Amino acid sequence: MAPTVTSMVASEPKVASIKTLADSDALTSVPSEYAYIMDPNDKGDANDPEHSIPIIDFALLTSASPDERAQMIQKLGKACQEWGFFQVINHGVPESLMKEMIDACRRFFELPEEEKKEFHTKNLLDPIKCGTSFNVAIDKVRLWRDYLKVIAHPKFNSLYKPAGYSEVSLEFSKRTRAVATEILNGISESLGLEADYITKAMNWDRGCQILAANYYPACPQPDLAIGIPPHTDHGLVTLLIQNDMCGLEVKHNDQWVLVNAAPGAFIVNYKSIWHRATVNNTATRISIAVPHGPALDTPAVPIPELLEKEGEKAKYIGMTYEKFMELQASPAAYMMPCLDHLRVKDN
């Protein structure tokens with residue numbers, strides 16, 4: 001059942017951030033402008049073994065043993081095809097670094113609102129931006145989240161506050177990008193292509209990497225609010241980490257699945273799959289999504305070699321990554337997955 005929107009928003013938020021609202025002693029219920037009602041039977045389940053996202057062992061994916069690597073590439077290809085989401089373990093990024101990155105973002109969100117104002121911007125590709133909800137100008141319902149987005153590649157950008165953020169984010173972005181590169185290489189091989197086919201075609205050396213932190217404070221009525229509604233992402237591959245609180249749900253076989261990742265694992269989004277972020281009434285959830293995309297001026301198009309191999313015509317038109325990001329941030333993204341906007345009409 002589709003969510004019911006109970007309020008329309010046409011003006012700027014009454015509060016500077018959801019954190020400010022959630023920290024108020026007067027808050028006992030969800031304000032009407034945040035009211036988002038889901039079907040109570042449409043909740044994600046993390047306990048059903050038939051609906052657990054696949055696990056990819058990075059150590060085997062990069063193994064010197066051809067047999068181990070081949071088996072994991074096959075498993076990776078199946079995970080991409082059947083799920084579009086999977087978790088990656090044994091990736092070599094220290095869990096301590098992941099926790100430091102989450103803590104650095106938490107300390108940013110806890111800064112006084114006046115200190116964060118300089119990063120408020122409406123421009124999509126500004127190197128550093130923070131705010132609340134998604135896009136207040138078009139949001140039908142305000143979202144129970146604050147965000148911070150920092151472009152870390154091809155040019156590394158960083159905050160000068162809080163103390164320590166820059167050093168941690170530099171190391172984290174480098175290590176995460178290295179993992180994303182190997183995952184893309186494995187995906188490329190799973191398609192029967194050379195390992196570096198996708199990275200070369202997408203001008204990966206100039207590719208865009210964004211550190212996107214989300215702050216979801218405890219909500220007094222979590223069934224009446226949403227962190228981020230069902231949506232699809234831009235980018236080639238997105239790696240996500242979170243603190244000890246779950247909340248990410250993925251649509252699989254028309255059923256929402258609550259993702260309960262292994263400690264220290266990356267949750268990876270490859271395919272343009274519907275997913276959402278729910279909230280809870282227990283504690284703050286912090287997630288850091290790291291989308292990796294092509295160079296902004298690079299058009300993404302169906303792979304000619306695969307079309308020829310399958311005897312198929314292209315089902316999607318090409319579009320540069322920058323234009324696709326603009327589409328994803330527009331009202332059109334609320335209506336259908338972004339890729340559907342690029343579907344060739346005859347298909």
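Excluded from the calculations below are hydrogen atoms, water molecules and symmetry mates; all remaining heavy atoms, backbone and side chain alike, are included. FYI, the numbering just counts along the sequence from 1. Fair warning: this is a prediction, and the values are worked out from it, not measured in the lab.
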- Task: Decide whether Val88 and Leu61 are clustered together by the hydrophobic rule: side chain heavy atoms of Ile, Leu, Val, Met, Phe, Trp, Tyr closer than 4.5 Å, transitively.
- Result: yes

- If we only count heavy atoms from C-beta on, is the Thr238 to Val268 side-chain gap below 4.5 Å? no

- Query: Counting only N and O atoms by type, is there a donor-acceptor contact under 3.5 Å from the side chain of Arg285 to the main-chain atoms of Asn214?
  - Reply: no

- Task: Supply the atom-to-atom distance Thr232 OG1 to Lys271 NZ, rounded to the nearest 0.5 angstrom.
- Result: 12.5 Å

- Once you round to the nearest 0.5 Å, how far does CD1 of Ile183 lie from CZ of Phe266? 8.0 Å

- Donor + acceptor pair across side chains of Asp146, Thr132 (<3.5 Å): yes

- Item | Any donor-acceptor pair under 3.5 Å from Asn243 side chain to Thr284 backbone | yes

- Message: Under a 4.0 Å threshold between the charged nitrogen and the carboxylate oxygen, would Lys174 count as salt-bridged to Glu171?
- Response: no

- Query: So, for Phe109 and Leu148, which heavy atoms are closest and what is the spacing to 0.1 Å?
  - Reply: CZ-N, 3.8 Å

- Message: Over 60° means perpendicular and under 30° means parallel, so tell me whether Phe85 and His275 are parallel, tilted or perpendicular.
- Response: perpendicular

- Please tell me if the side chains of Phe156 and Gln209 come closer than 4.5 Å, counting only heavy atoms from C-beta onward. no

- Between the main-chain N or O of Pro263 and the side-chain N or O of Glu95, is there a donor-acceptor pair closer than 3.5 Å? no

- Is a side-chain N or O of Gln221 found less than 3.5 angstrom from the main chain of Val30, in a donor-acceptor match? yes

- Item | Min side-chain heavy-atom separation Leu240-Asn269 under 4.5 Å | no

- Student check: side-chain heavy atoms of Trp144 and Pro217 closer than 4.5 Å: yes

- Query: For Lys161, which residues count as a side chain to side chain donor-acceptor pair (under 3.5 Å) partner, sequence neighbours excluded?
  - Reply: Glu118

- Message: Taking Ala59's backbone N and O only, do any of them form a donor-acceptor pair with Asp57's side chain (distance below 3.5 Å, no angle check)?
- Response: yes

- Message: With a 3.5 Å distance limit and no angle check, can you tell me whether Ser63 reaches the backbone of Arg69 through a side-chain donor-acceptor pair?
- Response: no

- Message: So Arg276 and Pro229, do their side chains get closer than 4.5 Å, heavy atoms only?
- Response: no

- Should we count CG of Asn123 as having more than 12 external heavy atoms under 6.0 Å? yes

- Which pair of non-hydrogen atoms, one from Ser169 and one from Ser166, has the smallest distance, and what is that distance? OG-O, 3.1 Å

- Item | Carboxylate-amine/guanidinium proximity below 4.0 Å for Asp297 and Arg206 | yes

- Task: Determine, using the 4.5 Å side-chain heavy-atom cutoff (strictly less than), whether Phe119 and Met101 are members of one ILVMFWY cluster.
- Result: yes

- Message: With a 3.5 Å distance limit and no angle check, can you tell me whether Ser190 reaches the backbone of Ile187 through a side-chain donor-acceptor pair?
- Response: yes

- Query: CD/Glu189 to CG/Asp196 distance, rounded to the nearest 0.5 angstrom?
  - Reply: 9.0 Å

- Is Lys323 atom NZ crowded by more than 12 heavy atoms from other residues, nucleotides or ligands, each under 6.0 Å away? no

- Item | Flag, side chain of His292 to backbone of Leu236, donor-acceptor distance under 3.5 Å | no

- Say whether, by atom type as modelled, one donor and one acceptor occur between the side chain of Asn157 and the main chain of Ile151 under 3.5 angstrom. yes

- Message: I'd like to know whether NZ of Lys99 has more than 12 heavy-atom contacts from other residues, nucleotides or ligands below 6.0 angstrom.
- Response: no

- Does atom CD of Glu115 have more than 12 heavy-atom neighbours from other groups under 6.0 Å away? yes

- Message: Quick check: do Tyr215 and Cys105 have side-chain heavy atoms less than 4.5 Å from each other?
- Response: no

- Query: How long is the gap from CG on Leu125 to SG on Cys208, to the nearest 0.5 Å?
  - Reply: 7.0 Å

- Spacing of Leu27 atom CG and Thr20 atom OG1 [to the nearest 0.5 Å]: 11.5 Å

- Task: Might you work through the side-chain contact (heavy atoms from CB on, under 4.5 Å) test for Ile267 and Gln242, ending with a clear yes or no?
- Result: CA-CA 9 Å; Ile267 302 169; Gln242 59 188 5; 4.2 Å; yes

- Item | Interatomic distance, Ile241 atom CD1 to Ile102 atom CD1 [nearest 0.5 angstrom] | 4.0 Å

- If you count the non-hydrogen atoms of other residues, nucleotides and ligands that lie under 6.0 Å from CD in Glu305, is the total more than 12? yes

- Note: Pro302 and Ala314 closest approach over all heavy atoms is CG-CB, 3.9 Å

- Closest non-hydrogen atom pair between His120 and Cys130, with its separation: CD2-SG, 3.4 Å

- Message: Are the side chains of Arg145 and Ile228 in contact, using a 4.5 Å heavy-atom criterion?
- Response: yes

- Task: Over all heavy atoms of both residues, which pair between Phe172 and Thr176 is shortest? Give the atoms and the distance, please.
- Result: O-OG1, 2.7 Å

- Query: Side-chain contact, heavy-atom cut-off 4.5 Å: Trp274 with Trp256?
  - Reply: yes

- Message: Could you check whether Glu110 pairs with Arg107 (Lys NZ or Arg NE/NH1/NH2 to Asp/Glu carboxylate O, under 4.0 Å)?
- Response: no

- Item | Closest heavy-atom pair and its distance - Pro222, Asn280 | CB-CA, 3.8 Å

